[in-house]
Amino acid sequence: MLRNGKLKIAVQKKGRLSDQSINLLQSIGLDFDASSRQLFSLCRNLPIEIIFLRDDDIPEYVQDGICQLGIVGLNEIEERNANVQKPIDLEFSKCRLSIAAPETVEWTSVKDLQGKKIATSYPFVTKQFLSQNKIDAEVIYISGSVEICPSLGVSDYICDLVSTGSTLRKNKLVETERILESSAFLIQTKKEITTEKQDLIDKLMTRIVAFLRAENSKYLRLNVSKKKMDSVIELLPGLNNPTILPLSDPNMVSVHAVISKNGSWELMESLKENGAEGILLSSIEKVLL
Ligand code: AMP
């Protein structure tokens with residue numbers, strides 16, 4: 001890593017977060033080479049250096065100001081108890097940290113954990129959860145494959161990340177208690193930084209927000225008769241008021257709006273039921289408000 005005064009952004013070198021982190025940074029205009037994934041990569045077009053690290057090291061690098069920004073899961077930030085700013089939830093790599101019990105165990109409440117053994121790669125968050133619930137249990141640190149611990153007799157329960165839940169099912173475990181909802185966050189150091197660096201960070205954040213807004217939005221165009229226009233417009237929860245444009249047929253208008261990606265099928269169906277025709281939905285690359 002160079003002491004070159006450039007803004008340093010830490011991303012995961014290899015793993016669940018790395019591809020999406022790199023894609024995000026490249027999508028907001030950072031021109032760097034990620035193919036070799038060496039320790040660092042200099043941006044060609046901005047005074048920025050990308051540092052590739054293990055995800056569990058990222059919170060501390062950012063806390064200590066070695067890197068000024070980082071992209072990492074909330075699970076790692078909480079486990080490291082890192083004192084960093086978390087300005088943007090990037091909404092990818094969603095998962096939860098949960099307690100899971102063997103299928104054969106009847107679960108009534110968190111009190112069932114009293115006096116038991118819990119295997120986890122997240123001992124800090126697990127212990128915090130237990131103490132908040134005034135439960136005395138033994139937390140056993142395991143660095144990986146936590147899900148096999150109950151069947152090996154190592155522990156009674158586990159506390160692990162769950163995404164689809166298929167790992168738990170394969171190991172005959174049932175999720176009993178969610179203790180943390182996690183996703184990737186952009187984090188920023190609380191250490192003092194120069195005005196130039198802060199200006200650059202602000203610019204990057206504006207771009208990230210624009211990118212996320214575009215990712216979560218779609219551009220909708222439809223035609224509708226003037227008579228049915230109001231009932232169609234009422235269905236549109238856009239970013240702004242919809243744009244209404246005249247068509248060659250004086251009884252018809254074209255309505256354009258930015259809508260949320262979620263539920264777009266249902267919205268298109270009800271627009272059609274309410275008289276909309278020729279409904280087109282397309283992707284948006286960037287949204288700067
Ligand atoms: P799943 O079978 O989809 O529920 O995924 C669970 C397995 O993937 C567990 O071994 C977890 O440790 C791991 N996992 C799930 N989501 C994440 C994540 N966002 N970051 C890191 N590991 C994860």
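First listed ligand is number 1; within each ligand, the first listed atom is number 1. Side-chain atoms are counted along with the backbone in the values below, which use heavy atoms only and exclude waters and symmetry mates.
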By the definition side chain to side chain contact (heavy atoms under 4.5 Å, CB included), identify the one residue from Leu220, Val255, Asn223, Val224 that meets it with Ile279. Leu220

So among Ile77, Asp64, Thr189, which one has a side chain to side chain contact (heavy atoms under 4.5 Å, CB included) with Val84? Ile77

Tell me the closest heavy-atom pair linking Ala210 and Leu288, and the distance in Å. CB-CD1, 3.9 Å

Please confirm whether the backbone N or O of Lys8 pairs with a side-chain atom of Gln68, one donor and one acceptor, at under 3.5 Å? yes

Pairing donors with acceptors under 3.5 angstrom, does anything connect the side chains of [X] and [Y]?
| X | Y | value |
| --- | --- | --- |
| Asp202 | Gln198 | yes |
| Lys190 | Asn83 | yes |
| Ser183 | Asp89 | yes |

Under 4.0 Å, heavy atoms only, figure out whether ligand 1 is touched by the backbone of Asp160, its side chain, both or neither. side chain

Residue portion contacting ligand 1 (non-hydrogen atoms closer than 4.0 Å) for Cys95: side chain

Nearest protein heavy atom with distance in Å, relative to [atom]:
| atom | answer |
| --- | --- |
| atom 7 (C) of ligand 1 | Thr167 OG1, 3.6 Å |
| atom 13 (C) of ligand 1 | Arg16 NH2, 3.5 Å |
| atom 19 (N) of ligand 1 | Ser93 OG, 3.1 Å |
| atom 9 (C) of ligand 1 | Leu161 O, 3.5 Å |

Under 3.5 Å, N or O to N or O, is Ser166 touching ligand 1 that way? yes

Below 3.5 angstrom, do we get any N/O pair linking Asn75 and ligand 1? no

Is the closest heavy-atom distance from Gly73 to ligand 1 below 4.0 Å? no

Contacting atoms of ligand 1, where contact means under 4.0 angstrom from a heavy atom of Thr164: 1 (P), 2 (O), 3 (O), 4 (O)

List every atom of ligand 1 that sits less than 4.0 Å from any heavy atom of Val162, numbering the atoms from 1 in the order shown and giving each element. 4 (O)

Aromatic ring pairing Phe32/Phe52, orientation class (parallel under 30°, perpendicular over 60°, tilted between): tilted

